[in-house]
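Predicted, not measured: the structure shown is a model, and the values here were computed from it. Labels below follow one simple rule: chain letters A, B, ... track the order of the sequence lines, proteins then strands, and each chain is numbered from 1.
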Amino acid sequence: MQAVYADTLRWRDSGAPFGVAGIPFPQASRTTDNRVAVEPDQTLSDMALATVRTLLDSSSHIDASTPDQIIVCTTSFEHDLALSCACRLHSELGSSRAPLAVGQLQGVSFLMALDIAVAMMAADIRLNTVVIVAAERWRRPFSRRIDALIDMGDGAAAVLIARHPGPGWCVSGLTVRTPGIPPLASEREPVYISTLTNVICETCARAGVQPANVDWVLPAPIDTRLAHETNARCGLRPERVCHIRMGAFGHFCAADTPARLDALLRSISPNDGQHALVWSAGFQGQAGCALLEFRGGGS
Amino acid sequence: MIASQENSCLALSGIAFSLPDRTVDAHRWAERCGQPSTRARALIENGVTQFHDAAGESPVTLAVDAISSLLRDTRTAPETIDALVYTHTIQTSVIAPPASTAQQIQFQTDLNRALAFSVTQQHCVSPMAAIRVLQALAMRQPSIRRAIVVCADVIGSHCDRLRAIQDLALHSDGACALLLERGGHRNAIAGLHVYTDGRSFRGTDENLQPVPDDRYYWSAFTTMRASIQQAGITTREITHVLPHHANLPGWSRLMAMLAIPHERLFTANFAPVGHVFGADPFINFQTCSNREPDGWSLLFSCGLAGCFGAMVVRH
C-alpha cells in the first residue's frame, strides 16, 4: 500500500509546507503517545457504520430507521482504494438519497455538513432525516503526529437531524469561513482570531441573540489562551464556557465537534429557548460556528 | 428531486479543463503493465485509444491550471467567487491528510473570499453531487452568487494497471473547472438527478475492476430520464447527449432506451481525451461546438458503487 500513497505523501512533503497554520492546538506530550485513541481492528467505514447504527437505535422516538440522506465527514483515508464510506453506509442502511462526503475542513467539516444538511432540507420538503457521521482512523504510512506535536486520534461520532416537533435542538444560526491564507502564514494568528470572532458574532447576529445571553459555549479544543481571547472578544460569558474532555486523548479532527457536542448536550438539562453555541477550527484558518436553540416541543 | 428548475437558479456559465500534454496509447499502456497485445486491441475496438498521463504531477497543479483558465476565459475576478468545491474520484487525489487540498487550491488561485470545501465519495458523479449541494446552499444563502466546482484526479505513479476499466475505458489524468452563476440566462441547469444503487456499494473485484452488472443500463436510463422529467421536457427535445468516456458500445443501447437518435451522442472526445473521471460530460459540453440556442444538453456520469448522475442544461 505504501506505493499507492507515494504520490500523495510526496505532494505534501515537497510542495508548500504543511503545518498547523494559524492555530495553536494543545500540544500532546510525548509521554502521552500510548494514550491516544487507536482503533486496532475496524476500518473507517466500520466505525462510521457502527456509530450510525448506535445513533439510530437510540433515536426510536424519531422515525429514522432508514435515514433519507447520509453525509460523511472524514479527513483520514479509508485505506480501501475503491470503497466509498458514504456509499457503504447508504447500501447497508438503505437511505433514499444519494450519499456524499464533505471534507477538507478538518475540525470544521462537521459544521459545513450541518450547513449543507439544513440547506438540503429547506430545499426539499420530502427530505425529513439526515445523518451526519464523522469518522477518523489514522494508519501508516500517514503519521498520527503532525506539526506542533499534535497526535491524531481515531474515533467516530454521528448526529441525526430530523423534522420533528421536539423536544430537541434547532439550528438557529450557522456560519463557516475559509480564509484564503498562505499554508504557513507568518502572521497568521491575528488573521485566525479575527476569522473566529467574525463567524461567532455573525452567527449570533443573524439569529438575533446577544452573545452574552448564550447559555452554553463549546469552543474548539485549541490553546486555552486563544480560546479565552476569542470568547472574550465576542462577548461570550467565560463562566458559561464548557470544557468537555473526551474519554480518550488525541485530536479527533472531523469527529471532534460532533463528539464533544454530544457529550455537552447529554450533560445539561435545557429549558425551552435556551441556547448552546459551538465553534470549531481547522488547521489552516477554517472557522465555523453553530448556534442551537432548545425547543421543548408541543407547539 | 432536490431543487426545481425555477428555484435552483444556477447556470453553467463557464468550463475550462486541464489535461497533461503527455499521452500514452493503448499499446504502450499494455506494455507498461505487462498486458498482452490482445488487451490493447480490445480497448481500441471499443473506441479507447489513449490516455493523458500526469506522470506523478499533483492534482492541485491541474486544478489550479483549470481554474486559472476558467477565470481568464470568462473574465471573472477571483474575489467575486463565493464558493469553491473540490471534488475527486480517487481517494488519493489529494495532498496527504490532514493537509487541505481545497485550501491550497483556494490560496493558489486567489479565491480569498470563497468558502472552500470538498464533496466526494460519489466517485465520478462527485461533480454533479457538488452542484446539487451548491444548488441547496444557493437557495438558502443569497450571498452565494457565483461558485466554482473543480474536479481533479490522477492515477498514482505506481498504479498504472488501474487505468483500465475492463476493456471499456482508460482513465486520463486531468482537471475540469465549472463556473456556476445565479440567474444566468444561458446554460441554466434545468434538471439534475443523482442516484446511488444501494445494492452494491463495492462494485469491484479483488483487482479493483468493476464487476459487470446488467442493472447498469436500467439505472443509467432511469437517472437520465429523471433529470429530463425534472427539466420539464421530453427526450425528443434533447439535442446533445454528452457521455462519460466509458463503455462506448453500451451507449448505443442507452440511446435506444432513451429513444434519442444516435447522431445526437457526442463522441468526438471519446478516443483522444480518454476517461477523465467525473470531468467527461463537462469537457464535452465545453468542446461541443454546435450547441445552438434553445437546444438542450443531457450530461451523464456514473461511477463505482452504483453512482449515477445526469444533468439537463438549457442552452
Side-chain angles (χ1 to χ4, degrees), chain A residues 3-13 15-16 18 72 75-78 81-88 90-92 94-95 97-106 109 112 115-116 118-120 122-124 126 142 146 152 176-183 253 282-286, chain B residues 1-3 7 56 58 60 86 90-92 94-104 106-107 110-123 125-126 129 133 135-137 139-141 154 156-159 162 194-196 198-204 208 304-307 309:
Chain A
V4 172
Y5 299 119
D7 282 345
T8 182
L9 290 164
R10 176 171 54 80
W11 298 328
R12 185 187 68 187
D13 297 339
F18 169 71
V72 170
T75 313
S76 45
F77 286 163
E78 177 71 40
L81 213 53
L83 180 65
S84 156
C85 175
C87 289
R88 180 182 173 194
H90 170 74
S91 175
E92 301 220 16
S95 55
R97 312 299 162 90
L100 55 94
V102 173
Q104 296 285 323
L105 297 174
Q106 300 129 2
S109 289
M112 188 68 237
D115 201 13
I116 290 168
V118 170
M120 283 180 157
D124 182 352
R126 284 175 288 184
F142 302 98
I146 61 173
M152 310 300 278
V176 176
R177 292 282 181 274
T178 60
I181 61 173
C253 212
F283 292 141
Q284 291 153 319
Q286 304 95 333
Chain B
M1 191 66 74
I2 180 73
N7 292 333
S58 161
V60 170
Y86 179 60
I90 304 281
Q91 286 180 41
T92 51
V94 292
I95 302 166
S100 171
T101 306
Q103 198 270 347
Q104 291 227 5
Q106 176 190 16
F107 173 67
D110 295 324
L111 302 179
N112 297 324
R113 283 190 53 257
L115 173 65
F117 60 99
S118 71
V119 170
T120 57
Q121 298 201 14
Q122 271 286 308
H123 297 289
V125 185
S126 293
V133 165
Q135 284 181 326
L137 288 174
M139 284 176 69
R140 187 169 171 81
Q141 300 177 22
V154 297
S157 307
H158 307 281
C159 306
L162 299 180
V194 287
Y195 166 71
T196 303
R199 290 173 292 191
S200 171
F201 68 81
R202 183 167 288 281
T204 55
L208 294 178
L304 295 177
C307 298

Identify the residue among H90(A), R126(A), M120(A) that makes a side chain to side chain contact (heavy atoms under 4.5 Å, CB included) with R97(A). R126(A)
The criterion is ring-ring contact (aromatic ring centres under 6.0 Å, His included); which residues satisfy it with F142(A), sequence neighbours excluded? Y5(A), F77(A), H79(A)
Answer yes or no: is there a side-chain heavy-atom contact under 4.5 Å between T196(B) and C87(A)? yes
Listed by chain and number, what are the salt bridge (Lys or Arg N to Asp or Glu O under 4.0 Å) partners of R113(B), not counting sequence neighbours? D82(B)
If you count heavy-atom pairs under 4.5 Å with chain A, which of V133(B), V125(B), N112(B) comes out on top? N112(B)
Between H123(B), R140(B), Q141(B), which shows the greatest number of heavy-atom pairs under 4.5 Å with chain A? R140(B)
At a heavy-atom separation under 4.5 Å, does Y195(B) approach chain A through its side chain, its backbone, both, or neither? backbone
Could you check whether any side-chain heavy atom of P97(B) comes within less than 4.5 Å of a side-chain heavy atom of M152(A), counting everything from C-beta outward? no
Is A86(A) in contact with chain B via its backbone, its side chain, both, or neither, using a 4.5 Å heavy-atom distance? both
Verdict with supporting geometry, R10(A) and D13(A), salt bridge (charged side-chain N to carboxylate O under 4.0 Å, His left out): CA-CA 5 Å; R10(A) 176 171 54 80; D13(A) 297 339; over 6 Å; no
Tell me, side chain or backbone of Q286(A) under 4.5 Å from chain B's heavy atoms, or both, or neither? side chain
Contact origin within Q106(B) toward chain A - heavy atom pairs under 4.5 Å: side chain
Which bit of V154(B) is near chain A, if near means a heavy-atom gap under 4.5 Å: side chain, backbone, both or neither? side chain
Greatest number of non-hydrogen atom pairs under 4.5 angstrom with chain A, of I90(B), L111(B), T101(B), D110(B), falls to T101(B)
Who wins among C159(B), G156(B), S157(B) for the most heavy-atom pairs under 4.5 Å with chain A? S157(B)
One pair to check against side chain to side chain contact (heavy atoms under 4.5 Å, CB included): V102(A) and M112(A). What are the steps and the verdict? CA-CA 7 Å; V102(A) 173; M112(A) 188 68 237; 3.9 Å; yes
